[in-house]
Amino acid sequence: MEVFGVPSSYSQEESYEQSVAESSTRSLNAKHANMIRNFVGMGFSRETVIRAINENGRGDDEEEIMDTLLTLTAEKPSTEENDEILSILVDMGYAFEDASTAIDKYGPKAEISDLADFISASQLEKEIDSLQDLTKIKHVASVDTQTEVSKASTFIKLCYNCCSSIQTRFGVPNEVSQVISRELPSEVADKPYFYFENVALAPKGVWNNISRFLFEIEPEFVDSKYFCAAMRKRGYIHNLPIHNRSPVLPIPPLTIREAFPSTEKWWPSWDKRTKLNCLLTGTAPGTVTDRLRKTLEKFDDEPPQNVQENVLQEIKKWNLVWVGKNKLAPLEPDEYEMLLGFPKDHTRGGGITRTDRYKSLGNAFQVDTVSYHLSVLKDRFPNGINVLSLFSGIGGAEVALDRLGIMLKNVVSVEIAEVNRNIIHCWWEQTNQKGNLIEVEDVQKVSSNQLRQWITKFGGFDLIIGGSPCNNFSGSNRVSRHGLEGKQSSLFFEYYRILEAVIEMQKNDPQGNNKVQ
């Protein structure tokens with residue numbers, strides 16, 4: 001058997017353990033089936049769960065089995081877990097050796113983003129050393145070559161310094177960052193402005209391909225932890241100006257304690273989190289928080305180190321917060337809204353379910369981050385802006401522009417999900433927007449004739465904004481992470497098709513001749 005191209009050899013002991021696990025599975029009573037499913041759902045491997053049940057005399061005391069599981073997990077890291085994390089990193093394009101080194105250093109329980117940051121930092125450090133060695137060969141390098149090496153070294157050092165929080169490129173609020181100038185290709189140096197967003201940690205080559213289609217503009221990677229109390233690493237390709245950005249006011253809470261002050265009373269000293277992980281489209285089932293409570297109630301004082309580590313793993317996985325003594329809870333939809341910069345009750349009511357709310361919010365823009373990038377447009381469009389919003393979701397772009405005080409003159413919103421279209425429509429009415437909202441269901445059905453009609457009617461689009469589905473990019477997708485070839489994520493090419501068509505139609509429009517600065 002080969003794992004990621006590296007031969008795996010099983011010892012006789014490992015083979016024996018595997019055969020015992022298989023025979024044990026067959027002999028366990030049917031009453032254990034649900035128990036096994038529940039524990040596997042909490043992140044324990046099937047083999048470890050079966051071993052814990054066997055070590056407890058095949059009884060059905062779930063508390064005792066949980067104690068055994070926590071002990072077993074602390075004793076021996078899961079090879080299966082190691083392999084799964086390694087697979088994701090290799091799929092993202094990192095060398096097997098680099099990925100293995102990162103896992104050895106931080107362990108398989110580390111966040112994928114942290115492992116990726118460590119690998120990137122190591123690679124950049126090697127680049128710096130390589131460039132420094134090159135500059136020492138003065139008798140070979142010309143003055144021009146040494147100048148280019150110096151520039152490249154400076155750029156790489158900047159990347160290296162930012163690497164632990166994803167390269168921010170053009171700066172974030174309240175952080176000292178060297179502003180890098182850039183020169184845009186001539187075909188996109190004029191309006192319309194465009195802005196494309198997707199997950200930063202995509203499979204190998206995805207961002208290079210996206211950049212190739214979007215006029216060879218390099219992505220700007222930003223972690224929303226600089227804008228709110230939750231991490232959300234995203235890549236953005238755009239032709240917006242990069243100077244004189246400003247955050248939208250008021251500044252939101254930037255730490256968990258600031259966002260949820262009532263949790264401080266119950267927050268244990270061994271939970272060192274100050275930021276939440278990326279907000280996902282699902283939430284922890286009650287069985288998870290119930291089991292964690294029962295585990296923690298076994299200890300009068302602080303739980304032992306191995307228990308802390310396993311509990312923290314579940315807490316980080318599900319973004320749980322402390323709401324009582326030994327009592328954890330998932331975030332509520334209205335708390336998602338606050339963290340993502342949407343108005344309270346933005347997704348509430350109108351027939352939308354809690355499940356739909358989590359799904360819609362988990363796929364949304366982080367409004368404060370997007371507002372920061374779009375803030376440069378405020379002085380450029382004092383009389384309002386015409387927007388083509390593709391893959392609108394719950395209207396993150398529209399909300400961002402509105403929070404900046406930019407009047408929405410005409411918005412064509414293209415969104416496939418009816419629940420999301422209803423959310424945008426309700427927000428438009430409740431905020432008394434004075435402009436025109438045109439709602440379109442399917443991005444694949446937006447034709448050149450429609451675009452031409454809208455351009456003629458509005459006098460052209462000022463901004464084309466959107467982020468195509470990330471289903472086939474995300475590291476949480478272990479089944480169909482196929483990059484741009486995936487069924488959902490290939491819709492990026494619809495964004496490109498429409499953007500290219502609008503640019504072509506408007507290139508001779510005298511209203512679009514203001515240069516991007």
* Asked: Just one of Asp190, Val188, Leu214 clears the side chain to side chain contact (heavy atoms under 4.5 Å, CB included) bar with Asn239, so which one?
  -> Val188

* Does the side chain of His243 come within less than 4.5 Å of Val376's, by heavy atoms? -> no

* Do the charged groups of Arg182 and Glu218 touch, with an N to O distance under 4.0 Å? -> no

* To do: Indicate whether the side chain of Thr369 and that of Ser224 have a donor and an acceptor atom separated by less than 3.5 Å.
  => yes

* **Pairing of Arg354 and Glu332 as salt bridge, 4.0 angstrom limit** => yes

* To do: List the steps and the verdict of salt bridge (Lys or Arg N to Asp or Glu O under 4.0 Å) for Glu197 and Lys233.
  => CA-CA 10 Å; Glu197 179 260 15; Lys233 298 183 179 182; over 6 Å; no

* Sequence-distant partners of Tyr236, ring pair (Phe, Tyr, Trp, His ring centres under 6.0 Å), two or more places apart -> Tyr195, His373

* With a cut-off of 6.0 Å (strictly less than), are more than 12 heavy atoms of other residues, nucleotides or ligands near CG of Asn244? -> no

* Looking just at side-chain N and O atoms, do Gln366 and Asp368 make a donor-acceptor pair shorter than 3.5 Å? -> yes

* **Non-neighbouring partners of Ile424 that pass side chain to side chain contact (heavy atoms under 4.5 Å, CB included), sequence neighbours left out** => Ser392, Ser413, Leu437

* Tell me, yes or no, whether the heavy-atom count around Glu418 atom CD, taken from other residues, nucleotides or ligands under 6.0 Å, exceeds 12. => no

* **Steps toward salt bridge (Lys or Arg N to Asp or Glu O under 4.0 Å) verdict (Arg497, Glu500)** => CA-CA 5 Å; Arg497 173 184 68 85; Glu500 187 179 45; over 6 Å; no

* Asked: More than 12 non-hydrogen atoms from neighbouring residues, nucleotides or ligands closer than 6.0 Å to NZ on Lys409, yes or no?
  -> yes

* Does Lys316 NZ have over 12 foreign heavy atoms under 6.0 Å away? -> no

* To do: Taking the side chain as every heavy atom from C-beta outward, state whether Leu408 and Trp428 have any pair of such atoms under 4.5 Å apart.
  => yes

* Asked: So do Phe381 and Asp462 actually touch side chain to side chain, heavy atoms under 4.5 Å?
  -> yes

* Asked: Quick one: side chain to side chain donor-acceptor pair (under 3.5 Å) partners of Thr431, sequence neighbours excluded?
  -> Gln433

* To do: Would you check if the distance from the ring center of Phe492 to the ring center of Phe196 is below 6.0 Å?
  => yes

Side-chain donor/acceptor pairs under 3.5 Å, residues 444-453, sequence neighbours excluded:
unit_1, atom_1, unit_2, atom_2, d
Ser447, OG, Gln450, N, 3.2
Gln450, OE1, Ser447, N, 3.1

* **Aromatic ring proximity, centroids under 6.0 angstrom, Phe342 and Trp427** => no

* Partners passing salt bridge (Lys or Arg N to Asp or Glu O under 4.0 Å) against Arg348 (at least two apart in sequence or in another chain) -> Asp345

* Between SG of Cys278 and NZ of Lys275, what distance do you get to the nearest 0.5 Å? -> 13.5 Å

* Structure fact -> The salt bridge (Lys or Arg N to Asp or Glu O under 4.0 Å) partners of Glu398 (sequence neighbours excluded) come to none

